[in-house]
Amino acid sequence: MSDLIIIGYGDHDTAKRAYAQVIDLQKDHIVELNGLAVVTVDAEGHSHVDTPGKFVSGGAASGALWGAIFGLLFLMPFAGALVGGALGALFGKLGQAGINDSFRARVRALLTPGKAALVIMSRERTEDKFADALRPFGGEVLQTSLSHQQEKELAEELGTAG
């Protein structure tokens with residue numbers, strides 16, 4: 001199972017410091033990452049993705065899944081504008097996995113101009129150590145989980161959507 005964890009912060013610097021902490025946690029084997037990024041929103045409301053260490057892991061299928069989820073959450077504002085085909089099926093499967101319009105709206109509510117979010121996709125983590133290490137940074141946490149079966153189905157959908 002993979003968890004998608006989004007932590008909203010009041011500023012970009014806090015998100016970058018939390019990013020560095022997650023990298024250290026991975027080095028210490030407290031978290032196993034599929035993807036990690038910082039998203040900021042400028043004064044005009046445009047989202048910007050920053051991956052300070054250019055971190056993405058886990059192979060092509062995992063990278064495609066990370067990219068699809070990331071695009072869905074931050075780069076595609078209106079799921080309803082997409083009609084039919086494989087992309088529609090992908091949206092349906094993501095909705096079944098808990099990444100539905102409601103979750104997306106909650107993510108967008110975290111990201112108002114001037115704010116930032118740390119986006120983490122992890123396969124495994126030592127929950128207590130992970131939480132303790134990130135607690136000093138504060139932030140608002142949103143989380144959803146994808147079962148191995150959901151990941152497999154989504155990877156298969158991505159193979160037909162591309």
Side-chain angles (χ1 to χ4, degrees), residues 1-27 30-82 87 90-91 93-95 97-125 127 130-131 133-146 150-151 154-155 157-158 161-162:
M1 177 164 349
S2 286
D3 290 318
L4 178 65
I5 304 165
I6 300 169
I7 307 172
Y9 296 103
D11 61 89
H12 189 212
D13 288 337
T14 303
K16 283 176 43 177
R17 287 193 321 270
Y19 178 102
Q21 180 67 41
V22 172
I23 293 294
D24 287 344
L25 293 172
Q26 179 184 340
K27 290 175 186 173
I30 292 170
V31 64
E32 186 178 336
L33 297 170
N34 285 346
L36 180 64
V38 174
V39 178
T40 57
V41 179
D42 63 24
E44 291 79 37
H46 296 103
S47 297
H48 302 275
V49 178
D50 185 14
T51 52
K54 303 296 181 211
F55 182 85
V56 176
S57 177
S62 178
L65 178 58
W66 167 251
I69 290 171
F70 208 83
L72 225 178
L73 290 172
F74 301 105
L75 305 175
M76 298 176 134
F78 302 106
L82 298 172
L87 201 49
L90 175 61
F91 271 83
K93 289 196 182 300
L94 285 169
I99 304 172
N100 53 29
D101 288 342
S102 172
F103 185 81
R104 292 173 59 219
R106 291 173 45 215
V107 169
R108 287 199 184 92
L110 288 177
L111 288 169
T112 56
K115 298 208 174 166
L118 181 62
V119 183
I120 306 161
M121 190 166 172
S122 69
R123 288 183 290 275
E124 292 182 33
R125 67 186 176 284
E127 189 63 44
F130 184 81
L134 291 178
R135 187 169 289 116
F137 302 101
E140 182 178 343
V141 179
L142 301 178
Q143 181 173 340
T144 191
S145 297
L146 301 169
Q150 288 168 324
E151 288 180 32
L154 288 170
E157 281 300 321
L158 289 168

Where do D11 and A116 come nearest, in terms of heavy atoms and distance? O-CB, 3.7 Å

Could you tell me whether the side chain of I5 reaches within less than 4.5 Å of the side chain of L142, counting heavy atoms only? no

Any chance you could measure F130, atom CZ, to E124, atom CD, to the nearest 0.5 Å? 13.0 Å

Between Y9 and A18 the two heavy atoms that sit nearest each other are OH-CB, 3.4 Å

To the nearest 0.5 Å, atom CG of L118 lies from atom NE2 of H12 at 10.0 Å

In the structure I gave you, are the side-chain heavy atoms of L4 and V119 within less than 4.5 Å of one another anywhere? yes

4.5 Å side-chain heavy-atom contact, V141 and I6: no

Below 4.5 Å, heavy atoms only, C-beta onward: do L134 and Q21 meet side chain to side chain? yes

What's the spacing between M121 CE and L33 CG if we round to 0.5 Å? 10.5 Å

Within this structure, what is the CD-CD distance for the pair Q26 and E32, rounded to the nearest 0.5 Å? 8.0 Å

Hey, what do you get for OG (S122) to CG (L25), rounding to the nearest 0.5 Å? 11.0 Å

D24 versus K27: any side-chain heavy-atom pair under 4.5 Å? yes

What I'd like to find out is whether the side chain of I7 reaches to under 4.5 Å of the side chain of E140, using heavy atoms alone. no

To the closest 0.5 Å, what do you measure between NZ (K115) and CG (D42)? 15.0 Å

